[in-house]
Amino acid sequence: MGSAALKKRILDYCAAHGVEVPVGFHRNPPSRYAIIDLSGAAPKLIARTWFATEDVVHYLEQYEAGRTYRIVDFENRQALRLDAGKLESAGELPS
């Protein structure tokens, strides 16, 4: 999937679900994995996206401890969950 199509998919999802998109998201081409921070008053997309699941796991273990979040594979339209240091499918992403 091209970066323009992936960016549109992410932005469309965020608009449909009331997810705030930070300015930093637009600085780099998006990758397939994204994290949405659910800890604040409104859900907020983490500006950085990732290509590799190992990088997502590292980020979550280093920076998101104690926070509530949603992990999304926008390429395959899957919600993911972190389980024992690995990302696993949590079902299809709601439309």
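Hydrogens, waters and symmetry mates play no part in the numbers below; they use all other heavy atoms, side chains included.
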Decide yes or no for [X] and [Y]: does some side-chain heavy atom of the first lie under 4.5 Å from some side-chain heavy atom of the second?
X	Y	value
Pro22	Lys44	yes
Asp73	Leu87	no
Tyr69	Ile36	no
Glu20	Leu45	no

For the residue pair Tyr59 and Trp50, categorise the inter-ring angle as parallel (less than 30°), tilted (30 to 60°) or perpendicular (more than 60°). tilted

The test is side-chain contact (heavy atoms from CB on, under 4.5 Å); show your working for Phe25 and Ile46 and say whether it passes. CA-CA 8 Å; Phe25 173 75; Ile46 301 297; over 6 Å; no

[X] and [Y]: which non-hydrogen atoms are nearest, and at how many Å?
X	Y	value
Val21	His26	CG1-NE2, 3.9 Å
Pro30	Ser3	CG-O, 3.6 Å
Gly91	Gln78	O-OE1, 3.3 Å

Exam field: side chain Ser89 to backbone Leu80, donor-acceptor pair closer than 3.5 Å: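 Answer holds: no.
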
Could you give the distance from CZ (Arg48) to OH (Tyr33), rounded to the nearest 0.5 Å? 14.5 Å

Going from CD1 on Ile35 to OG1 on Thr49, what distance comes out if it is rounded to the nearest 0.5 angstrom?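 Going from CD1 on Ile35 over to OG1 on Thr49, the span is 10.0 Å.
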
Using the salt bridge (Lys or Arg N to Asp or Glu O under 4.0 Å) criterion, which residues pair with Asp55? Sequence neighbours excluded.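 So Asp55 forms no salt bridge (Lys or Arg N to Asp or Glu O under 4.0 Å) with any residue.
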
Is Arg81 atom CZ crowded by more than 12 heavy atoms from other residues, nucleotides or ligands, each under 6.0 Å away?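 Yes.
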
Walk me through it: do Asn76 and Arg32 pass the test side-chain contact (heavy atoms from CB on, under 4.5 Å)? CA-CA 8 Å; Asn76 291 333; Arg32 67 186 289 176; 2.6 Å; yes

Test side-chain contact (heavy atoms from CB on, under 4.5 Å) applied to Glu54 - qualifying residues, sequence neighbours left out: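 Applying side-chain contact (heavy atoms from CB on, under 4.5 Å) to Glu54 gives Ala52.
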
Just jot down the side-chain contact (heavy atoms from CB on, under 4.5 Å) partners of Phe51, sequence neighbours excluded, or say none. Ser31

Would you say Leu93 and Ile71 are hydrophobically clustered, going by side-chain heavy atoms of ILVMFWY under 4.5 Å?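 No, no single cluster joins them.
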
